Amino acid sequence: MVKDVLIIGCGCIGLSTGILLLKTKQYNSVKIWAKDLPPNVTSNKAAALWYPFLSNPPDKVGKWSAETMEYFQKHILNDPKSGTLLKKVNELFRKPKKEDPDWKPFIKSFRRARKDELPEGYADGYAIDDGFVMDTDMYMNWLVDTFKALGGQIEQREVVDIREPFIYSDIVINCTGLGAKELVKDGHMYPTRGQIVVVKNTSDRSIMDEEDYICYVIPRISNTVLGGTAQDHDYNMNPTKQDTDEILKRVAAISPKFSRRKLEILGVKVGLRPSRYEIRLEPELLQDNSKLLIHNYGHGGSGFTVSWGCAQEVLNLIQQNIPNLKQSKSKAPILQSKL
Ligand SMILES: Cc1cc2nc3c(=O)[nH]c(=O)nc-3n(C[C@H](O)[C@H](O)[C@H](O)COP(=O)(O)OP(=O)(O)OC[C@H]3O[C@@H](n4cnc5c(N)ncnc54)[C@H](O)[C@@H]3O)c2cc1C
Ligand SMILES: NC(=[NH2+])NCCC[C@@H](N)C(=O)O
């Protein structure tokens, strides 16, 4: 029974999900409806590097992050048009750090930093030699181009009532990020505001110092991202001088090479991470089991880091639930029905 699939949302989550669905060649059509399209989505405001951050639950984030790293290594990092770049990652600590990260069991390349990798003032660190970064705008364009090249269609269209997409498809994937708060009335969703400063300078590796606050240097192909902030329930989309000053003060403390007078600032960006106590990735059978809605949202600060693992989970959930899908009994227009 070959089906159509309709994805709501055109961020990194919706696009990754759509690409994997199309690659199976098992669906009649895969379409995306989205209120906003790249570059006008949160995903384009991201840094972005592979490294789990502000997302839960730890075991699933670990698994999805590892699967995403593997997918990048197999299918993306070798494509120069993808905007990705291999860059070692060091998370630094000013005091010895006893605990390993939750996701260590899933990432074979994880190791402790060597002494020669620790800038002055740091006593300990994590290291991943096969880390990688995405020049976010380039990568988002690559996702859109790949989705379309595989036959995917994108329509700029806001969904006000989640029943509407089911007029056109029995299978709908909800990849609406923070929009899920309104669309499916998810009161657990909230924004975690992130401000970043983009500079011309570069760095041989991604560096994070986050014991007391958020502080990172993420080198990309054409520039470097300095961050950041994480202000919960803050919807302010305008950059503030106070946040920029604080970000620059913090990164200067990592190394004198990042002192303000040595930086060429190219711009400042703000995005609202789609935060939730844990990622919602689950199916809902609706309308007498004739409709399948799969939720894939709430990825916080890790959307890119878990995107391909979550997309694979969506495919698994569709396969598991298609046998439970019944032919729709009522011919009445869906919008009159109860979900
Ligand atoms: C400053 C900053 C830095 C970050 N850095 C990183 C990083 O280094 N690594 C990492 O992994 N993650 C990072 N993130 C987190 C990452 O950006 C998010 O987790 C990710 O973008 C979420 O993707 P998404 O597709 O769910 O959401 P979005 O990109 O917000 O896309 C949601 C889509 O749904 C659409 N939509 C919403 N509601 C509706 C509706 N009712 N009808 C139709 N369409 C709708 C929107 O228009 C949009 O197209 C960062 C975030 C910020 C803010
Ligand atoms: N991963 C980590 N511990 N720190 C860097 C965070 C960068 C990006 N995920 C964000 O700002 O959301």
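Counting begins at 1 with the first residue of the sequence. Quick caveat: nothing in here was measured; it's all calculated off a predicted structure. Numbering of ligands and ligand atoms starts at 1, following listing order.
- Around the NZ atom of Lys200, the shell of radius 6.0 Å holds no more than 12 heavy atoms that belong to other residues, nucleotides or ligands.
- Near Cys10, with a cut-off below 4.0 Å to any heavy atom, the atoms of ligand 1 are 33 (C), 48 (C), 49 (O).
- Heavy-atom proximity to atom 28 (P) of ligand 1, evaluated over Gly177, Gly14, Ser43, Gly9, is greatest for Ser43.
- The Gly271 neighbourhood of ligand 1 comprises atoms 53 (C), with distances under 4.0 Å to a heavy atom of that residue.
- Heavy atoms of Thr176 found under 4.0 angstrom from ligand 1 belong to the backbone as well as the side chain.
- Look at Lys3 and Asp170 and you find a salt bridge, because one of the NZ, NE, NH1 or NH2 atoms lies within 4.0 Å of a carboxylate O, short of that distance.
- Counting heavy atoms closer than 4.0 Å to ligand 1, residue Leu178 contributes nothing at all.
- Below 4.0 Å from some heavy atom of Lys35 lie the following atoms of ligand 1, by number and element: 43 (C), 44 (N), 45 (C), 47 (O).
- Under 4.0 Å from ligand 2, the heavy atoms of Glu210 that appear belong solely to its side chain.
- Side chain to side chain, Ser290 and Asp288 fail the donor-acceptor criterion of an N or O pair below 3.5 Å.
- In summary, the side chains of Asp4 and Ser29 do present a donor paired with an acceptor at a separation below 3.5 Å, with no hydrogens or angles considered.
- Arg94 and Glu211 are not joined by a salt bridge, as no carboxylate oxygen comes within less than 4.0 angstrom of a charged side-chain nitrogen.
- Within the set Ser55, Gly300, Pro52, Gly228, the minimum heavy-atom distance to atom 16 (C) of ligand 1 is found for Gly300.
- Asp137 has a carboxylate O that lies under 4.0 Å from a charged side-chain N of Lys269, or vice versa, which qualifies the two as a salt bridge.
- Counting heavy atoms closer than 4.0 Å to ligand 1, residue Arg157 contributes backbone atoms (N, CA, C, O) but none from C-beta onward.
- Of all protein heavy atoms, the one lying nearest to atom 2 (C) of ligand 2 is Met208 SD, 3.2 Å.
- In this comparison of Cys175, Pro38, Gly179, the heavy atom closest to atom 32 (C) of ligand 1 sits on Cys175.
- Of the candidates Ala47, Pro191, Gly301, it is Ala47 that places a heavy atom closest to atom 3 (C) of ligand 1.
- Between the choices Val159, Val270, Thr136, the shortest heavy-atom distance to atom 41 (N) of ligand 1 belongs to Val159.
- With a 6.0 Å radius and a threshold of 12 heavy atoms from other residues, nucleotides or ligands, Lys104 has its NZ atom at or below the threshold.
- Contact atoms of ligand 1 toward Glu158: 42 (N), 43 (C) (distance under 4.0 Å to a heavy atom of the residue).
- You'll find the ring centres of Tyr122 and Phe93 outside the 6.0 Å limit.
- For atom 30 (O) of ligand 1, the choice among Thr42, Asp161, Asn40 with the nearest heavy atom turns out to be Thr42.
- Taking a cutoff of 4.0 Å between a charged side-chain nitrogen and a carboxylate oxygen, Lys241 and Glu246 do not qualify as a salt bridge.
- For the pair Glu91 and ligand 2, the shortest N or O to N or O distance does not fall below 3.5 Å.
- Of the polar atoms of Leu49, at least one N or O is found under 3.5 Å from an N or O of ligand 1, judged by distance alone.
- In this structure, Phe72 has its ring center closer than 6.0 angstrom to the ring center of Tyr139.
- Heavy atoms from both the backbone and the side chain of Tyr51 come within less than 4.0 Å of ligand 2.
- Atom 8 (C) of ligand 2 has its closest protein heavy atom at Phe53 CD2, 4.0 Å.
- Residue Asp36 has at least one nitrogen or oxygen atom sitting less than 3.5 Å from a nitrogen or oxygen atom of ligand 1, judged on distance alone.
- Near Gly194, meaning under 4.0 Å from one of its heavy atoms, ligand 1 places the atoms 1 (C).
- In plain terms, the two heavy atoms of Pro219 and Ser206 that are nearest each other are CD-OG, 3.5 Å.
- Counting atoms of ligand 1 from 1 in the listed order, those under 4.0 Å from a heavy atom of Ala48 are 7 (C), 8 (O).
- Scanning the protein heavy atoms around atom 9 (N) of ligand 2, the nearest turns out to be Gly301 O, 2.9 Å.
- The proximity of Lys45 to ligand 1, defined as any non-hydrogen pair under 4.0 Å, is limited to the backbone.
- Annotation: atom 12 (O) of ligand 2 to nearest protein heavy atom, Arg273 NE, 2.8 Å.
- Under a 4.0 Å N-O distance rule, the pair Lys88/Asp204 does not qualify as a salt bridge.
- For the pair Glu91 and Arg112, the salt-bridge criterion is not met [side-chain N within less than 4.0 Å of a carboxylate O].
- Taking every non-hydrogen atom of Val41 and a distance limit under 4.0 Å, the qualifying atoms of ligand 1 come out as 29 (O), 48 (C), 49 (O).
- Ligand 1 has a nitrogen or oxygen under 3.5 angstrom from a nitrogen or oxygen of Gly303.
- Note: Trp64 and Trp50 fail the aromatic proximity criterion, with ring centroids not under 6.0 Å apart.
- Between Asp245 and Arg260 there is a salt bridge, since at least one side-chain N of the basic residue sits less than 4.0 Å from a carboxylate O of the acidic one.
- Of the listed options Val133, Ile13, Val184, Ile13 places a heavy atom closest to atom 26 (O) of ligand 1.
- Arg276 has no carboxylate O lying under 4.0 Å from a charged side-chain N of Glu278, or vice versa, which leaves the two without a salt bridge.
- Taking every heavy atom of Ile196 and a limit of under 4.0 angstrom, the matching atoms of ligand 1 come to 1 (C).
- Between Thr305 and ligand 1, a contact under 3.5 Å exists for at least one N or O pair.
- Annotation for Ser275 and Thr192: closest pair OG-OG1, 2.6 Å, computed over non-hydrogen atoms.
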